[in-house]
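Hydrogens, waters and symmetry mates are skipped; everything else that's a heavy atom, side chains included, is used.
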Amino acid sequence: GRTLAMLAGLVGSQMQLYGERRRAEKAGARMASLVDTGLSLSRELRLDDLLARIVEAAREVVGARYAALGVLDADRTGLAEFVTAGLDEAEREAIGDLPRGRGLLGALIRDARPLRLERISDDPRSVGFPPNHPPMTSFLGVPVGFRGQVYGNLYLTDKLGGPFTAEDEQIALTLASQAAVAVENVRRLEAERRRADELESVQEVARAVLTTLDLDALLPLVARRGRRLTGAETVGVAVGDGDALVFRYAHGVDALTLEGTRVPPEMAAVGSALGRSLGAAAVEACPLELDDQVVGALVAVGSRPFDDDGRRLLATFSSHVALAIANARAVEAKLRQVEEDARREAAAV
């Protein structure tokens, strides 16, 4: 009996050691995966690619069926972007519009602290799922921030093999910190690229203004450059025609619709008119002014509001276009004067 008891104790000890060793190996593998993930995130150079890599890495490292990253909007009250992992294209399309920050997602926006739930439905702040959304049970959400600046939140649902643990939460927080540093670096790199591209574009437009009097050659350049740098769906240039402005050239999604469109000369009226006719969420209109008179407008149309850099760029381009119009009009007036003088001289002979 004592021998069996000793054997049982020995087997139990060995099993306990084996279990502890397995847990240590698993923890070591997860930490190694975290290190590899941090290194891979640091190599991403484009923000869209980085966000997709973050959610996929979180899903794999934590062991969740689904993962998502919500990026805060400029007001920090909702979500501007929502990147998912674990859903295929058909499932995403069936769900429809991506969330903007209600329910538990909104709770994390207002209170940027980790949130771990065994069942999503148990939290009174949960508002349920839209039609065609796959069922989800367990939930883990952590903020993604760097140096006191919160960029968004990382969400994980349906832990494989059981509810999310305190260890999962710590791993998610570590991954979120790595992601925040990577996001900050990529945003800084993209800002530098944008500034370089903006400087090149402004110089190109300025050179064109000084070397050509042909508005039909200049306006396409302004529209193309303006659209690329502001992220607009369409950029158009309107010039005065009687008591209205007429779009002479446009580039982008609604270019064919915009060209030839007549709008009032007031900038607020331009924005409201195009917002209705194009169904645009955002319209930014910059006046082309000569001697305190509006002679046209440079207009950007987009699916979301334009940032300060975009508005500043449009204002810079509009001043160049206004100068080009002034130059073209001055040369046209001079040619008319030369032709009139020639007719007078011919009549005098």
Which pair of heavy atoms, one from [X] and one from [Y], lies closest together, and at what distance?
| X | Y | answer |
| --- | --- | --- |
| R113 | P143 | C-CD, 4.1 Å |
| L218 | A324 | CD2-CB, 3.1 Å |
| S318 | L288 | O-CD2, 3.3 Å |
| I120 | L104 | CG2-CD1, 3.6 Å |
| P114 | V142 | CB-CG1, 4.1 Å |
| I95 | P134 | CD1-CD, 3.9 Å |

So does [X] have more than 12 non-hydrogen atoms from other groups sitting under 6.0 Å from [atom1]?
| X | atom1 | answer |
| --- | --- | --- |
| R92 | CZ | yes |
| Q293 | CD | no |
| D88 | CG | yes |

Within-4.5 Å side-chain heavy-atom neighbours: [X] and [Y]:
| X | Y | value |
| --- | --- | --- |
| R227 | V253 | yes |
| E167 | I171 | yes |
| T84 | Y66 | no |
| F139 | R116 | no |
| V222 | H320 | no |
| I109 | L79 | yes |

* **V237 reachable from V246 in the ILVMFWY side-chain graph, under 4.5 Å edges** =>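 Looking at the clustering, V237 is in a separate group from V246.
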* Asked: F306 and L72: same hydrophobic cluster, using ILVMFWY side-chain contacts below 4.5 Å?
  ->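 In one cluster: no.
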* To do: Keeping the roles fixed (side chain from E284, backbone from A300), state whether a donor-acceptor pair exists under 3.5 Å.
  =>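 No; zero donor-acceptor contacts below 3.5 Å.
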* Asked: Within the distance-only criterion (no hydrogens, no angle test), does the side chain of T261 pair as donor or acceptor with the backbone N or O of T257 below 3.5 angstrom?
  ->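 Between the backbone of T257 and the side chain of T261 there is a qualifying donor-acceptor contact (under 3.5 Å).
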* L51 and E81: CA distance, side-chain angles, deciding distance, side chain to side chain contact (heavy atoms under 4.5 Å, CB included) verdict -> CA-CA 10 Å; L51 299 182; E81 296 183 63; 3.9 Å; yes
Measuring from [X]:[atom1] to [Y]:[atom2], what's the distance to the nearest 0.5 Å?
| X | Y | atom1 | atom2 | answer |
| --- | --- | --- | --- | --- |
| L173 | L140 | CG | CG | 7.5 Å |
| R224 | L219 | CZ | CG | 10.5 Å |
| L229 | D309 | CG | CG | 10.5 Å |
| R125 | R102 | CZ | CZ | 14.5 Å |
| R225 | T230 | CZ | OG1 | 12.5 Å |
| L115 | D123 | CG | CG | 6.0 Å |

* To do: Inspect the contact between E56 and R53 and indicate whether a charged nitrogen and a carboxylate oxygen are less than 4.0 angstrom apart.
  =>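 Looking at R53 and E56, the cut-off is not met.
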* Looking at L105, V71, D97, L69, which one forms a side-chain contact (heavy atoms from CB on, under 4.5 Å) with F82? ->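 Testing F82 for a side-chain contact (heavy atoms from CB on, under 4.5 Å) against L105, V71, D97, L69 leaves exactly one candidate, L105.
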* To do: Report the C-alpha separation of D158 and M136 in whole Å, then their side-chain angles, then the decisive distance to 0.1 Å, and conclude whether the side chain to side chain contact (heavy atoms under 4.5 Å, CB included) test is met.
  => CA-CA 6 Å; D158 285 12; M136 296 179 179; 3.8 Å; yes
* To do: Hey, could you give me each pair passing ring pair (Phe, Tyr, Trp, His ring centres under 6.0 Å) that has a residue in residues 102-132? Not counting sequence neighbours.
  =>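 Pairs touching residues 102-132 that pass the test: F129-H133.
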* Give me the other members of the hydrophobic cluster that F247 sits in, counting Ile, Leu, Val, Met, Phe, Trp and Tyr linked by side-chain heavy atoms under 4.5 Å, directly or via other members. =>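 Answer for F247: L245, L258, V263, M267, V270, L274, L278, V283, V294, V299, V301.
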* To do: Go through the steps for R59 and V55 under the test side chain to side chain contact (heavy atoms under 4.5 Å, CB included), then give the verdict.
  => CA-CA 6 Å; R59 190 173 76 93; V55 292; over 6 Å; no
* Decide side chain to side chain contact (heavy atoms under 4.5 Å, CB included) for L160 and R65; before the verdict, give the C-alpha distance in whole Å, the side-chain angles of both, and the deciding distance to 0.1 Å. => CA-CA 7 Å; L160 303 177; R65 186 179 302 277; 3.7 Å; yes
